[in-house]
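Counting starts at 1 for both ligands and their atoms, following the listed order. All residue numbers refer to positions in the sequence shown, counting from 1.
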Amino acid sequence: MKEFAIIGLGRFGTSLAKTLVNLGHSVLAIDSSEERVQQISEIVSHAAQADATDEEALKALGIRNFDVVIVAIGQDIQASILATIILKDLGVKTVIAKAVNELHGKVLEKIGVDKVVYPERDMGNRLAHALTTSNVLDYMELTPDYSIEEIVVPERMHGKSLGNLNLRAKYGISVIAIKKPGGCLIPGPGADSVFEPGDVAVVIGTRKGLKHLEEK
Ligand code: ATP
């Protein structure tokens, strides 16, 4: 079980804290607002009111003993940057920070944050893909070139096997899993797996290759 600390209990920080607790992890939730701390105190293992730009306050909470600290302060960019610098200086092994824009993210990277997350940008990206293509259900960008997509298998592929379709050789696409209409999942389907109407394929590939699948 990993020990997490989350600083900033806005919508993102709160949602992250609740999910980590549901997954069985111990979470220390920190916010400068007493009200926010009160609201989350019944859900997480520990909650504390503290200003994350105050090094002594963070030290007093034993912050350096946590495996991962997530800085989920968004609007107050100065506080987000100061808190991140303090955490890295204190020797916290893994610091993850939320950025509200590209410039904020670049600064966080320059000061040595281990990972920057852009929840608003990424969610907007995913929704845009789902809205503008008729058969893409979900989308995750791995790099600017490679993505994973959950896609309704187009009619032209019904009744055909993976071996027959040869998607990897033709388009550089690998099928990771097939979800059957009843909810049954076939992980790592073999060449003899046949696509049926209603199937959803989880695929990985290049932007260009995936575009081919998106065309019905
Ligand atoms: P979300 O979009 O996730 O709701 P947000 O990007 O709007 O969040 P804010 O609301 O600005 O982010 O900040 C999230 C939380 O961070 C707030 O509850 C705020 O009280 C807290 N916060 C801001 N500055 C500090 C600080 N210096 N120390 C501790 N907590 C802070």
Side-chain angles (χ1 to χ4, degrees), residues 1-132 138-142 144 147-148:
M1 190 178 76
K2 275 190 175 175
E3 301 238 337
F4 295 92
I6 298 173
I7 301 175
L9 304 170
R11 288 157 297 183
F12 175 69
T14 302
S15 161
L16 184 61
K18 285 182 181 166
T19 308
L20 286 170
V21 168
N22 286 340
L23 291 171
H25 294 282
S26 148
V27 173
L28 166 65
I30 302 167
D31 202 291
S32 51
S33 148
E34 193 182 338
E35 200 188 327
R36 293 264 161 108
V37 173
Q38 281 273 324
Q39 282 167 356
I40 206 151
S41 60
E42 283 177 14
I43 300 162
V44 299
S45 18
H46 303 284
Q49 185 193 2
D51 178 355
T53 64
D54 177 350
E55 184 170 346
E56 293 308 316
L58 291 182
K59 267 191 196 162
L61 289 168
I63 204 83
R64 88 180 88 195
N65 301 321
F66 286 81
D67 299 303
V68 182
V69 180
I70 301 107
V71 180
I73 302 170
Q75 297 311 315
D76 189 347
I77 293 180
Q78 184 173 324
S80 150
I81 291 166
L82 285 177
T84 305
I85 291 176
I86 294 171
L87 293 167
K88 286 310 290 181
D89 274 359
L90 287 175
V92 174
K93 241 184 285 148
T94 307
V95 180
I96 297 171
K98 162 184 148 156
V100 290
N101 57 45
E102 299 285 332
L103 189 58
H104 184 192
K106 267 191 192 161
V107 174
L108 289 167
E109 272 168 21
K110 285 232 152 70
I111 58 177
V113 77
D114 299 282
K115 186 174 170 59
V116 181
V117 290
Y118 301 85
E120 283 92 357
R121 185 198 68 180
D122 292 350
M123 196 57 222
N125 225 328
R126 285 170 74 172
L127 186 59
H129 266 81
L131 291 173
T132 54
D138 205 354
Y139 158 92
M140 188 173 90
E141 189 179 277
L142 297 175
S147 306
I148 292 179

Q: Within a distance under 4.0 Å of any heavy atom of A79, pick out the atoms of ligand 1 and give their elements.
A: 27 (N)
Q) Looking only at N/O atoms, are D31 and ligand 1 under 3.5 Å apart anywhere? A) yes
Q) atom 27 (N) of ligand 1: which of L16, V100, D51, I7 has the nearest heavy atom? A) D51
Q.
salt bridge (Lys or Arg N to Asp or Glu O under 4.0 Å), that's the test. Do D114 and K88 meet it? Break it down for me.
A. CA-CA 9 Å; D114 299 282; K88 286 310 290 181; 2.9 Å; yes
Q.
Using a 4.0 Å cut-off to any heavy atom of A50, which atoms of ligand 1 qualify?
A. 28 (N), 29 (C)
(Q) Return the closest protein heavy atom for atom 23 (C) of ligand 1 as residue, atom name and distance. (A) I73 CG2, 3.7 Å
Q. Hey, does G74 come in under 3.5 Å of ligand 1, counting only N/O atoms on both sides?
A. yes
Q) Is there side-chain contact between F66 and V92, with at least one heavy-atom pair below 4.5 Å? A) no
Q) With no hydrogens and no angle check, is any side-chain donor or acceptor of H46 less than 3.5 Å from a backbone partner on L28? A) no
Q: Provide the number and element of each atom of ligand 1 under 4.0 Å from a heavy atom of E120.
A: 2 (O)
Q) For ligand 1, which atoms have a heavy atom of K98 less than 4.0 angstrom away? A) 1 (P), 2 (O), 3 (O), 5 (P), 6 (O), 8 (O)
Q: For R36, take its heavy atoms, then give the atoms of ligand 1 lying under 4.0 Å from any of them.
A: 17 (C), 18 (O)
Q) Would you say ligand 1 has an N or O under 3.5 Å from any N or O of R11? A) yes
